[in-house]
Every structure is written in C-alpha cells, then in structure tokens.
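Below, chains carry the letters A, B, ... as their sequence lines are ordered, and counting in each starts from 1.
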2 protein chains.
Amino acid sequence: MELKEDMLKAFVDKCREQGLKITPQRVAVYEILLNSHTHPTVEEIYEEVKKKYPFVSLATVYRTVETLEQMGFAKRVCYWGNSVRYDANTEEHHHLICTNCGSIKDIYLEDGINLPENLEGFKPAGYSVNIYGLCPNCKN
Amino acid sequence: MELKEDMLKAFVDKCREQGLKITPQRVAVYEILLNSHTHPTVEEIYEEVKKKYPFVSLATVYRTVETLEQMGFAKRVCYWGNSVRYDANTEEHHHLICTNCGSIKDIYLEDGINLPENLEGFKPAGYSVNIYGLCPNCKN
DNA sequence: GTAATTGCAAAGAGTTTGCAAGCGC
DNA sequence: GCGCTTGCAAACTCTTTGCAATTAC
C-alpha cells in the first residue's frame with residue numbers, strides 16, 4: 001500500500017498535468033477519503049470537509065468525488081439503493097458487509113478467484129467480492 | 001433451478017400463509033421478475049406491468065418489490081448509484097457486469113471461493129462476486 | 001487576466017408515504 | 001363486511017445543473 005502522502009502528491013501532480021486547479025476543497029475531499037476506511041457517503045465526506053471549511057457546498061463535494069473517480073483516485077461503491085459511497089483504496093480488495101448495521105470493512109483475499117475460462121465472450125477486467133454477514137458487534 | 005411455475009406457486013402459497021392477498025398486480029410483478037434475466041429497475045418492471053395493467057401505479061411496483069424482497073422471492077442488487085435493480089434468481093450466483101453498456105449477466109462459479117479463515121470475528125452468511133469488464137458486444 | 005472552480009439556489013431523478021376508494025377473502 | 005391493497009398526489013431524499021462571484025495560476 002502506498003503512503004498517503006505519496007498518493008496525495010500523485011493526485012496534486014496529476015491535477016497540474018491535467019490543468020486542474022489545486023483548490024483547498026479539492027485537496028480536503030481527497031485527504032478525507034484517503035484517511036477514511038469507512039467508505040463514506042458524499043454526505044459524510046461533506047460533514048468532514050465542513051469541519052475545516054464551514055462554507056463548503058455539498059455540490060462541490062459531489063463534483064470533486066466525480067473528478068476523483070474519473071482520475072482514478074477513488075472508486076464508487078454501492079451496496080444498497082440508498083446512496084453512493086466512495087473509496088480511495090484503489091488496490092484490488094474486497095468487502096465484508098454487515099447486513100445488520102451496514103458497516104463495510106476491507107479484506108484482502110490470499111488466493112484470487114479462479115474465474116471460469118468460458119465467459120461467453122465477456123472480457124473480464126477485474127472483480128470484486130462482497131461477503132455479507134454479521135460483524136463482530138452485531139453477532140450477538 | 002426450479003421451474004418458474006413452481007416458484008410462482010410457492011409465492012402464491014406463501015402469500016396465503018402470511019395473509020397477503022393475491023392481487024393481479026402483485027402476481028404480475030413477480031412473473032415479470034421471474035421471466036426477466038436483465039435485473040430490471042423498478043421503472044422497467046413498471047413499464048412491463050403497464051402493458052398488462054395500464055392503470056398500475058409506480059408506487060405499487062415499489063411496494064411489491066419490497067414485499068418480494070422481504071419474503072425472499074427477490075433480491076435487491078445495485079451496481080451504480082443510479083437506481084436499484086431486482087433479481088428473482090435467489091440461487092447463489094454471480095454477475096458479469098459490462099462497464100460500457102451496463103448490462104448484467106448471471107454466471108455460476110464452478111468452485112466456490114476460499115474465504116479466509118480469519119475474518120476478525122465477522123460471521124459470513126454468503127457472498128457475491130461481481131466481475132467487471134466488457135461484454136461481447138462492447139468488446140469491439 | 002483568464003479560465004477553472006466555487007457556493008448558492010433551483011431543478012431533476014428516484015423513492016416513499018398518507019389517504020380515500022377499491023378489491024380479495 | 002373487514003382489512004389489506006391500490007392509485008393518486010404530495011413529500012422526501014439524493015444528486016445534478018445554471019449562473020454569477022471568486023480563486024488559482
């Protein structure tokens with residue numbers, strides 16, 4: 001796993017490269033996503049950014065996460081219809097999802113999956129595994 | 001895989017058992033879901049039901065799919081933030097998702113996944129694998 | 001200075017809910 | 001007839017968009 005500072009630097013560099021401006025809001029959103037392991041919703045990111053920049057707009061957060069996704073610095077994940085969540089961990093990893101409290105935890109599978117040879121012409125690029133169940137807290 | 005007629009009968013029986021009424025709308029929604037392999041959105045189900053019952057309400061479809069989910073006859077699936085999709089295939093199966101056109105196809109994995117022993121107290125109940133890539137049509 | 005970005009407010013999707021009328025049992 | 005279910009419309013939540021003011025470069 002790369003260091004967060006490296007990722008932040010890579011992000012800033014790529015922004016420069018693409019002619020995108022390095023605004024405090026943009027950096028703050030990415031920093032929060034990097035430091036969060038809860039796969040936050042846009043609303044949750046917004047609440048965090050507001051602590052530092054009280055006048056930030058929710059629309060800005062929406063626009064920023066979309067930019068991050070397009071740049072490959074964040075992934076959109078979704079497990080219920082409710083709302084979209086974002087994840088700055090772009091390594092291949094999988095999720096433990098608690099069906100009771102909705103918490104999501106990253107896991108790394110030792111052995112990959114054996115994808116079937118014959119996918120009927122489908123060309124796979126990657127996969128993700130969601131394991132549903134009860135987290136330690138909700139097991140009781 | 002069970003026959004569709006059997007599933008429909010099971011659904012009707014379970015409705016009776018639970019004191020739920022067998023209304024044409026309810027049956028139509030489940031039939032459409034059973035006969036569809038496209039994991040339709042609520043809107044898409046609604047459009048189908050309307051062909052048979054033009055005065056059906058979208059709200060009824062929403063209420064019906066929720067009932068179906070609670071009864072275990074349908075699963076809610078979600079791959080983008082856009083909208084929720086439903087699937088009447090309740091066997092353990094997985095999905096090929098085209099990142100270009102958004103189509104979803106069911107697959108069955110020969111060998112299951114080896115879940116890690118240590119899930120840090122998490123008690124797994126099931127899992128699903130989503131394989132992202134390009135479908136035969138979009139490969140070109 | 002210029003162009004990208006922001007904040008605001010309004011608009012747009014998708015979904016849920018309250019209620020009177022209607023229908024299955 | 002009773003009570004669940006429906007259709008309608010309104011409300012609600014989540015997300016996107018238009019636009020003038022602002023900010024990074």
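The interatomic distance linking B/Leu58 (CG) with C/dA13 (P) rounds to 14 Å, in whole Å. B/Glu17 places its CD atom 17 Å from the C1' atom of D/dC4, with the value rounded to the nearest Å. In this structure, B/Tyr46 atom OH and C/dT15 atom P are separated by 14 Å, rounded to whole Å. Here the P atom of nucleotide D/dC4 and the CD atom of B/Glu66 are 17 Å apart, to the nearest Å. Residue A/Gln18 contributes atom CD, which lies 19 Å from atom P of C/dA3 at whole-angstrom precision. If you measure from atom OH of A/Tyr53 to atom P of C/dC8, you get 16 Å, rounded to the nearest angstrom. Atom CZ in A/Phe55 sits about 17 Å away from atom C1' in D/dT23, given to the nearest Å. A straight line from NZ of B/Lys21 to P of C/dA21 spans 17 Å, rounded to a whole angstrom.
Using a 4.0 Å cut-off, some side-chain N or O of B/Gln25 falls inside it from OP1 or OP2 of D/dG7. Distances shorter than 4.0 Å separate some side-chain N or O of B/Thr60 from OP1 or OP2 on D/dG7. At least one side-chain nitrogen or oxygen of B/Thr23 sits closer than 4.0 Å to the OP1 or OP2 atom of D/dT6. Residue A/Arg26 places at least one side-chain N or O under 4.0 Å from the OP1 or OP2 atom of C/dT5.
B/Arg76 places no side-chain N or O within donor-acceptor distance of the main-chain N or O of B/Val84, the cut-off being under 3.5 Å.
Nearer the 5' end of DNA chain C, as judged by each residue's closest nucleotide, is the contact made by B/Tyr62, out of B/Tyr62 and B/Pro24. Mapping B/Gly19 and B/Arg63 onto DNA chain D by nearest heavy atom places B/Gly19 at the nucleotide closer to the 5' end. A residue-by-residue look at B/Ala59 and B/Ile22 shows that B/Ala59 has its nearest nucleotide of DNA chain C further toward the 5' end.
The pair A/Lys51-A/Glu48 counts as a salt bridge, with a side-chain nitrogen and a carboxylate oxygen less than 4.0 angstrom apart.
Between B/His94 and B/Tyr127, the ring-plane angle classifies as parallel under the 30° and 60° cut-offs.
Between the side chains of B/His39 and B/Asp106, at least one donor N or O lies within less than 3.5 Å of an accepting N or O.
Rounding to the nearest 0.5 Å gives a distance of 12.5 Å between OG1 of A/Thr60 and OH of A/Tyr53.
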